[in-house]
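Structure first, then comments.
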Amino acid sequence: MNVLDFVNAFFSDSAQWHGYDGIPQRLLEHVQYTLMALGIAAAIGLPVGLLTGHTGRGGNAVAFVATAARALPSFGLLVLIAVVVGIGLLPVMIPLVVLAVPPILVTTYEAVRSVDPAPVDAARGMGMHEPGILLRVELPVALPLVLSGLRSAAIQVVSTATIAAYVSLGGIGRYIIDGLYQRDYEKVVGGATLVALLALVTLAVFWAVERLAVSPGVRRR
């Protein structure tokens with residue numbers, strides 16, 4: 001059997017669409033892990049990136065933190081934390097958040113720093129306060145790049161959240177891990193296909209969000 005045969009056999013099997021191990025349930029679990037990790041990473045990376053980008057201070061620290069975080073192996077971190085704190089959601093969330101923070105943090109910082117200083121200076125000259133300048137002048141212009149950082153982080157988390165299965169949690173990774181253990185390559189290929197499809201859906205969602213949230217004038221720049 002080739003890869004397409006495995007994919008067809010996996011998705012045409014009615015047993016894969018029902019029960020606790022069915023595709024809808026595993027997809028729901030995977031999306032929950034992804035949204036949780038992305039939400040925590042955004043809560044960390046966006047404020048820090050916006051603040052450092054606006055003030056121009058801390059750029060070297062941002063680069064150092066991002067480089068250090070990217071150097072950490074997600075699976076190794078997962079195993080280490082699982083040994084220390086035990087099996088559960090925490091050992092999964094920490095590596096995923098560490099993976100997602102750097103693209104959000106760095107891209108947000110660079111997005112704000114790249115805003116044309118002319119309108120910023122004009123806003124200051126009109127007496128606008130610094131938070132207003134950041135939120136009403138810089139952020140609307142920087143939004144496409146900010147969203148691109150969130151998109152990159154989301155794709156990485158979607159792809160890496162399969163590690164949850166290594167600590168007995170669910171998600172799409174369950175098909176890959178169980179399939180390898182059972183030598184059921186239909187499951188392995190089916191799980192990998194689901195991850196790829198979910199990544200494509202994530203790209204489509206961010207494309208739609210950008211179309212709705214970003215000003216047409218900014219999109220055309």
Side-chain angles (χ1 to χ4, degrees), residues 24 26-56 58-59 62-63 65-67 69-70 74 93 95-123 128-162 164 171-172 192-221:
R26 293 307 186 197
L27 275 174
L28 178 60
E29 293 167 350
H30 202 92
V31 170
Q32 287 174 338
Y33 302 150
T34 299
L35 291 177
M36 190 179 303
L38 189 62
I40 296 171
I44 297 170
L46 286 178
V48 176
L50 289 172
L51 181 61
T52 54
H54 175 69
T55 61
V62 167
V65 170
T67 302
R70 284 170 173 163
S74 298
M93 283 298 108
L96 293 181
V97 171
V98 169
L99 178 71
V101 166
I104 297 173
L105 177 60
V106 172
T107 307
T108 302
Y109 170 81
E110 293 294 342
V112 177
R113 295 302 297 160
S114 66
V115 173
D116 187 349
V120 176
D121 292 339
M128 186 177 291
H129 296 297
E130 294 301 317
I133 294 173
L134 174 60
L135 297 177
R136 298 174 62 184
V137 178
E138 293 176 320
L139 183 56
V141 178
L143 191 57
L145 276 177
V146 173
L147 288 175
S148 75
L150 288 168
R151 181 180 65 238
S152 297
I155 295 299
Q156 292 180 41
V157 172
V158 164
S159 303
T160 312
T162 52
I172 300 173
T193 303
L194 283 172
V195 173
L197 291 175
L198 189 55
L200 292 176
V201 170
T202 302
L203 285 174
V205 168
F206 273 93
W207 177 85
V209 169
E210 183 173 350
R211 298 290 296 180
L212 292 172
V214 178
S215 167
V218 175
R219 284 204 306 268
R220 287 196 293 267
R221 292 183 59 180

Report summary line: For V112 and G53 the tightest heavy-atom approach is CG1-C, 3.5 Å
Report summary line: Distance col, row L27:CG vs L197:CG, nearest 0.5 angstrom, shows 9.0 Å
Requested in this report: Indicate the atoms forming the closest heavy-atom contact of Y33 with G171, along with that distance.
Outcome: CE1-N, 4.0 Å
Show me, pair by pair, the donor-acceptor contacts under 3.5 angstrom made by side chains of residues 135-148, not counting sequence neighbours?
unit_1	atom_1	unit_2	atom_2	d
E138	OE1	H54	ND1	2.6
S148	OG	L145	O	2.6

Query raised in the report: In Å and rounded to the nearest 0.5 Å, what is the CG to CD1 distance from L203 to I155?
Result: 4.0 Å
Report task. For A153 and A100, work out which heavy atoms get closest and say how close. Result -> CB-O, 3.5 Å
Query raised in the report: If you measure from OG1 on T52 to CD on E110, what distance do you get to the nearest 0.5 Å?
Result: 9.5 Å
Report summary line: residues 98-109 vs salt bridge (Lys or Arg N to Asp or Glu O under 4.0 Å), sequence neighbours excluded, gives none
Query raised in the report: Which atom pair, heavy atoms only, marks the closest approach of I44 to P47?
Result: O-CD, 3.6 Å
**Report entry** Inter-residue atom distance W207.CH2 - T202.OG1, 0.5 Å rounding
**Finding:** 15.5 Å
Requested in this report: Using salt bridge (charged side-chain N to carboxylate O under 4.0 Å, His left out) as the criterion, list what pairs up with R151, not counting sequence neighbours.
Outcome: none
Requested in this report: Walk me through it: do V97 and V101 pass the test side chain to side chain contact (heavy atoms under 4.5 Å, CB included)?
Outcome: CA-CA 6 Å; V97 171; V101 166; 3.9 Å; yes
Query raised in the report: So, the side chain of T108 versus the backbone of L105: is there a donor-acceptor pair under 3.5 Å, distance only?
Result: no
**Report entry** Side chain to side chain, V158 and V201, heavy atoms closer than 4.5 Å
**Finding:** no
Requested in this report: Would you give the length of the straight line joining atom CD of Q156 to atom CD1 of I104, rounded to the nearest 0.5 angstrom?
Outcome: 9.5 Å
Report summary line: In short, A111 meets S114 closest at the heavy-atom pair O-OG, 2.8 Å
Report task. For the pair E29 and R26, find out whether any cationic side-chain nitrogen is under 4.0 Å from an anionic carboxylate oxygen. Result -> yes
